[in-house]
Amino acid sequence: MSILLGCIADDFTGATDLANNLVRNGMRVAQTIGIPQQVLNAELDAVVVALKSRNIEPEAAIAQSLEALEYLLAQGAQQIFFKYCSTFDSTPKGNIGPVTEALMAALGADFTIATPAFPDNGRSVFKGYLFVGDQLLSESGMRDHPLTPMTDANLVRVMQAQCQNQVGLIEYQTILAGADAISSRIADLKASNTKIAIVDAVTNDDLYRIAPALKDLPLITGGSGIAIGLPSNFGLQAHPTSSKLPLASGYRAIVSGSCSQATNLQVECFKSLGGEMYAVNPLELNEKSTEQMLQEILTWAEPRLSHGSVLIYSSASPDQVKEVQSQLGVQAAGNTIENLLGSVAKGLVALGVGQLLVAGGETSGACVKALGIDQMQIGQQIDPGVPWCFAKVQNKPLHLALKSGNFGAADFFTSAFSKL
Ligand code: ADP
């Protein structure tokens, strides 16, 4: 197998988001959890290696990204894509700048672009400034992010602070003028020794105009938006078979450890439709072992699975979460609940679940880890940013959808299954 595009994503659900955009535009894609130890078992156009490198030390992020690069090049990748968040989540230390420069050096690339523009999700870049919906990045909720507060919306400045090399801008007028104008602007920037350019883009049409000018770059960096135009550079077009997964089978279940607004709404909606649900009360962990709670949950689920989908959730309101955190500790609560829900996912699959929804980014990571999944094939989109995926767990087929907290419509927990 020789792939066309090799992708490195700095977090897990972001990797799925990127894979989803590539599949929708005609690529057959597998996502791997870290660098796979085994040979990938499908005909593929692209591989997305999901790292967890967004919030670690820059040196560690560089080392992991270079290891992923080596793996992707060994699979025949003709071009490399470094994917980060469409809100450019980073600090003056990195990791977007340092990883970009390390990948450029390893590939011998003298130029690359950086654009988090993702119009489908309201991220646009104009004159180098990033907007989240109608707000500047620095005026959006991202200014208060606990790990990567974004207090400057000017991406040329933000990226320059993280880079050794000169950072420039390809402005909107050039984008409107089309691919030839963009290519000639790239040539000018290179001539003036600018190595990285932030690229303006406000609509999907802009992204499609930019893509042909990126054809010969060894490295592209950005959010998942820019990926929509890349498959056509390899002669591929949107095609239903690229998202074709094997037929789904087995029982249906939902595991939710996300306490985000959208998920809480989805739990409510599932309830209003009369769904079978089990509320995990984390405070019981004060008296019971994780193993005991796990057995209680599985004993509840087993007789219900043959009647329809079941929901097991620890999702709770902000006040309830605060109460749990004050009793168990913030980190300990997160880890213990993730562990429990991971074991629940594994137990459900052992009981015959073949179609599994997981809500929550960290929760998804825990479930995939507990299930021992190291690669997933990406299928059709359920809602923006969330595709159905397919994996083998101990040689048994499993369809799974991993939903990051704020994604998905209110009826996601039921509508997702109807799209399989
Ligand atoms: P999201 O994508 O919505 O941010 P995550 O799964 O990434 O969801 O994060 C949710 C975190 O909250 C996880 O660490 C999870 O274990 C934790 N958690 C889940 N339920 C509760 C709860 N009832 N109280 C406290 N923490 C919780």
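Computed from heavy atoms alone, side chains included, the values below leave out hydrogens, waters and symmetry copies. Counting starts at 1 for both ligands and their atoms, following the listed order.
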If you measure from each non-hydrogen atom of Thr363 to ligand 1, which part falls under 4.0 Å: side chain, backbone, both or neither?
both
Counting only heavy atoms closer than 4.0 Å, does ligand 1 sit against the backbone of Ser258, its side chain, both, or neither?
both
Using 30° and 60° as the class limits, which term best fits the ring planes of Trp388 and Phe417: parallel, tilted or perpendicular?
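Tilted: the ring planes of Trp388 and Phe417 meet at 30° to 60°.
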Which of the listed options, Val330, Asn264, Val321, Leu340, holds the heavy atom that is closest to atom 25 (C) of ligand 1?
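Minimum heavy-atom distance to atom 25 (C) of ligand 1 goes to Val321.
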For atom 21 (C) of ligand 1, which candidate among Asn339, Ile337, Val324 provides the closest heavy atom?
Ile337
Donor-acceptor contact present, side-chain [X] to main-chain [Y], <3.5 Å:
{"X": "Ser86", "Y": "Pro116", "value": "no"}
{"X": "Gln375", "Y": "Thr32", "value": "no"}
{"X": "Arg123", "Y": "Asn121", "value": "yes"}
{"X": "Ser289", "Y": "Gln292", "value": "yes"}
{"X": "Gln327", "Y": "Leu283", "value": "no"}
{"X": "Thr203", "Y": "Asp206", "value": "yes"}

Find all atoms of ligand 1 within a distance of less than 4.0 Å from any non-hydrogen atom belonging to [X], and give their numbers and elements.
{"X": "Gly405", "result": "1 (P), 2 (O), 3 (O)"}
{"X": "Ala316", "result": "23 (N)"}
{"X": "Gly361", "result": "1 (P), 2 (O), 5 (P), 6 (O), 7 (O), 8 (O)"}
{"X": "Gly334", "result": "14 (O), 16 (O)"}
{"X": "Glu362", "result": "5 (P), 6 (O), 7 (O)"}

For [atom], what's the nearest protein heavy-atom neighbour? Residue, atom name and distance, please.
{"atom": "atom 20 (N) of ligand 1", "result": "Ser314 OG, 2.8 Å"}
{"atom": "atom 11 (C) of ligand 1", "result": "Gly257 O, 4.0 Å"}
{"atom": "atom 4 (O) of ligand 1", "result": "Ser260 OG, 4.0 Å"}
{"atom": "atom 8 (O) of ligand 1", "result": "Gly360 CA, 3.3 Å"}
{"atom": "atom 13 (C) of ligand 1", "result": "Glu338 OE2, 3.4 Å"}

Look only at interatomic distance and state if [X] has a nitrogen or oxygen under 3.5 Å from any nitrogen or oxygen of ligand 1.
{"X": "Lys403", "answer": "no"}
{"X": "Ser404", "answer": "no"}
{"X": "Asn335", "answer": "no"}

Atom CD of residue position Glu171 - does it have more than 12 heavy atoms of other residues, nucleotides or ligands inside 6.0 Å?
yes
With a sphere of 6.0 Å drawn around NZ of Lys419, does it hold more than 12 non-hydrogen atoms of other residues, nucleotides or ligands?
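Yes, enclosed.
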What do the steps show when you test Glu362 against Lys52 for salt bridge (charged side-chain N to carboxylate O under 4.0 Å, His left out), and what is the final call?
CA-CA 10 Å; Glu362 296 299 323; Lys52 214 169 180 297; 3.2 Å; yes
Could a heavy atom of Thr263 be found less than 4.0 Å from some atom of ligand 1?
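Under 4.0 Å: no for Thr263.
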Check Glu101 with Lys195, please: is the shortest side-chain N to carboxylate O separation under 4.0 Å?
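The answer is no: the pair does not qualify as a salt bridge.
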